[in-house]
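First the proteins, then the strands, lettered A, B, ... as listed; each starts at 1.
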Amino acid sequence: VTLTTLTTAVETRVNDDTSPTYSSAEITGALNAGQLVFCFLTLCYEKTATASVAQPFVHALALATDYIVPLRLKGAAKLRPATVAEFDALNPLWWASANPAARYAARGDLLFFDGAISSLTFTYAAAPPALASGSDVPVIPAEYHTLLADYAGWRLLLPQSGQELEKGKQYIGRFLAGAQELAGKVRARSLAQHYDTLPPEREAFDVSRLMKQLPRKERPEWTQAA
Amino acid sequence: MDAGSIIADLYPALNATTDTDLQWWTLAQLYDYLGDQLAAIARAVPIFADVQSGSTSTAENTFPGVAAIAAAWNSVALRPATVKELEALDPAWDSTTGTPARWTEDLGPGQIRLYPAPSGSGALKIVHHGSSTRPTSGSPTITAYPIVSEMLWYGTLELARAQTGETWMPDVAAQAAGQLALLLKVARTYWGSAR
């Protein structure tokens with residue numbers, strides 16, 4: 001599904017007689033935000049890169065600006081995930097160790113290695129490239145493309161408050177249900193691939209806070225029935 | 001990422017097209033909201049983890065952040081300890097000198113103390129959760145994960161619409177806060193907690 005098709009799908013969701021109209025730049029921005037959030041929630045878009053590492057640590061965002069989490073790191077052989085505390089316990093001299101690295105530890109975007117590593121091959125979950133021209137196609141699986149129109153619809157309707165916001169809730173509910181479904185599939189595949197980071201469990205997709213109505217007394221006066 | 005782009009993306013949500021037709025807020029106010037939320041996100045998840053390297057000869061050392069994760073003296077890992085443990089180990093722990101073997105963070109945020117206090121100069125590395133300088137219209141660049149831009153979009157919208165007065169939209173603020181909370185919850189499963 002192309003950006004042009006998705007833009008039309010968003011217009012269908014948000015425009016009616018009483019709604020404001022939205023510019024194509026606003027709609028494209030909302031679709032790109034949707035694709036970014038979808039990739040973040042599902043880890044469905046992955047890339048592999050190589051880099052040379054001179055120190056026992058490196059900022060992954062300096063190697064790849066679209067980095068989200070590590071999936072598989074390889075030096076001379078596959079590196080096993082660990083923590084800095086485990087490095088300290090196993091070998092207090094790891095900061096200057098000349099042995100080939102066997103483990104890595106991730107903290108934020110920092111990647112630490114417990115030994116020397118000259119060339120790093122790392123597979124990581126990535127943020128998607130932005131959709132810009134009308135023929136651009138999202139990088140997420142095709143059967144989930146229309147969910148991006150749902151997210152964009154929600155993101156455009158949310159700031160309108162009142163009934164527009166209420167209308168948008170069905171879209172964010174659908175988007176998150178689809179993300180949860182794909183995250184489950186990616187989890188199963190990642191376990192089979194022996195990846196180091198998995199998409200979140202279903203509890204992370206708890207939308208109860210988004211779906212609940214504000215208590216009557218906290219709602220603006222004009223939204224309350226006479 | 002550019003804080004200016006995030007704020008520009010928010011104008012339609014605030015019924016404006018540029019900063020000059022923002023009716024109820026100033027541009028500086030929006031940067032303030034964004035800066036507040038960026039600091040809150042950095043306190044929740046380690047988006048600005050870093051390593052501070054330098055030479056020191058003092059026991060007490062500071063770092064630009066909220067919590068230390070690990071430390072090394074002359075490339076030898078130091079063991080973390082509490083003041084209670086150091087007192088049990090050595091009643092004169094705060095005046096003992098030698099080669100540092102442990103570090104404690106109990107003195108306060110952004111500060112660690114080495115034990116024993118170094119008897120000479122050495123190379124100290126501190127792995128820590130850092131913080132970012134507040135973005136301004138003159139210096140809008142933020143180096144962080146791409147998803148942080150979406151977190152900041154919701155966070156800034158939340159604070160703008162939580163402000164009481166003509167702009168007050170508690171339902172919008174609550175929904176934006178809920179969306180931010182959901183993204184932070186997932187971020188914690190990926191990157192851990194910054195506490």
Side-chain angles (χ1 to χ4, degrees), chain A residues 22-23 26 29 33 36-37 39-41 43 55 57 59 61 65-69 84-85 87-89 91-96 106-110 112 125 127 155-156 158-162 165-166 168-169 172 176 197 199-201 203-207 209-210 212-214 218-220 223, chain B residues 1 5 8-15 17 45-51 53 69-72 74-80 101 125 127 129-130 143-147 149-150 153-154 157 160-161 168-172 174-179 181-183 185-192 194:
Chain A
Y22 300 91
S23 70
E26 280 176 73
L36 176 63
V37 171
C39 288
F40 179 72
L41 295 178
L43 306 183
Q55 297 193 83
F57 62 89
H59 278 283
L61 282 172
T65 54
D66 55 355
Y67 170 85
I68 300 176
V69 285
V84 173
F87 284 8
D88 289 351
N91 176 16
L93 304 175
W94 69 268
W95 281 96
R107 196 71 198 183
D109 81 309
L110 271 177
F112 294 90
R155 200 173 182 271
L156 293 168
L158 163 68
Q160 307 305 323
S161 184
L165 188 155
E166 289 302 320
K169 284 183 181 177
I172 189 67
L176 289 172
T197 314
E201 304 263 11
E203 303 87 72
F205 296 90
D206 177 15
V207 293
R209 193 170 165 189
L210 293 174
K212 81 171 181 190
Q213 284 227 321
L214 281 175
E218 289 179 24
R219 276 186 267 160
T223 66
Chain B
M1 88 190 49
S5 302
D9 193 22
L10 262 173
Y11 290 147
L14 301 176
N15 306 320
T17 51
V45 285
I47 55 171
F48 297 119
D50 207 352
V51 180
S53 305
I69 303 164
N74 289 335
S75 295
V76 179
L78 302 178
R79 291 167 58 187
K125 284 191 176 73
V127 184
H129 294 148
T143 305
Y145 295 98
I147 193 66
S149 66
E150 191 65 358
W153 190 88
Y154 283 110
L157 178 64
R161 286 305 185 186
W168 193 44
M169 284 189 178
D171 54 347
V172 175
Q175 292 295 319
Q179 193 73 33
L182 188 145
L183 293 175
K185 191 173 171 184
V186 175
R188 268 193 213 99
T189 69
Y190 293 156
W191 307 323

* Non-hydrogen atoms of chain A under 4.5 Å away: do they reach the side chain of Ala144(B), the backbone, both or neither? -> backbone

* Asked: Relative to chain A, which of Leu157(B), Leu14(B), Val51(B) shows the most heavy atom pairs under 4.5 Å?
  -> Val51(B)

* To do: Apply side-chain contact (heavy atoms from CB on, under 4.5 Å) to the pair Ile69(B) and Leu110(A), showing each step before the final yes or no.
  => CA-CA 12 Å; Ile69(B) 303 164; Leu110(A) 271 177; over 6 Å; no

* Asked: Of the backbone (N, CA, C, O) and the side chain (C-beta and beyond), which part of Leu41(A) lies under 4.5 Å from a heavy atom of chain B, both, or neither?
  -> both

* Structure fact -> Minimal heavy-atom distance between Met169(B) and Ser161(A), with the atoms involved, is SD-CB, 3.5 Å

* **side-chain contact (heavy atoms from CB on, under 4.5 Å) assessment of Val127(B) paired with Phe112(A)** => CA-CA 10 Å; Val127(B) 184; Phe112(A) 294 90; 3.4 Å; yes

* To do: Measure the spacing between CG of Asp109(A) and CG of Asp50(B) and express it to the nearest 0.5 Å.
  => 8.5 Å

* Asked: Does some side-chain heavy atom of Ile147(B) sit less than 4.5 Å from a side-chain heavy atom of Ile68(A)?
  -> no

* Asked: His59(A) and Ala49(B): which non-hydrogen atoms are nearest, and at how many Å?
  -> CE1-O, 3.1 Å

* Say you draw a straight line from CZ of Phe57(A) to OG of Ser53(B); how long is it, rounded to the nearest 0.5 Å? -> 5.0 Å

* So, for Val76(B) and Leu93(A), which heavy atoms are closest and what is the spacing to 0.1 Å? -> CG2-CD2, 3.6 Å

* Supply the atom-to-atom distance Leu36(A) CG to Tyr145(B) OH, rounded to the nearest 0.5 angstrom. => 13.5 Å

* To do: Give the ring-plane orientation class for Phe40(A) versus Tyr190(B), where under 30° counts as parallel, over 60° as perpendicular and anything between as tilted.
  => perpendicular

* **Which portion of Phe48(B) sits near chain A, non-hydrogen atoms under 4.5 angstrom** => neither

* Structure fact -> Shortest non-hydrogen pair, Pro146(B) vs Tyr67(A), comes out as CD-O, 4.0 Å

* Ala127(A) versus chain B, heavy atoms under 4.5 Å apart: side chain, backbone, both or neither? -> side chain

* For Ser23(A), is it the side chain, the backbone, both or neither that has a heavy atom under 4.5 Å from a heavy atom of chain B? -> neither

* Please name the pair of heavy atoms, one in Ala70(B) and one in Val84(A), separated by the smallest distance, quoted to 0.1 Å. => CB-CG1, 3.5 Å

* To do: Output yes when a side-chain donor or acceptor of Asp171(B) lies under 3.5 Å from a complementary backbone atom of Gly162(A), and no otherwise.
  => yes

* Euclidean distance, Leu78(B) CG relative to Asp88(A) CG, rounded to 0.5 Å -> 8.5 Å

* With the side chain counted from C-beta on, respond yes when Gln179(B) and Arg155(A) share a heavy-atom pair under 4.5 Å apart, and no when they do not. => no

* Structure fact -> For Leu158(A) and Trp153(B) the tightest heavy-atom approach is CD2-CZ3, 4.3 Å

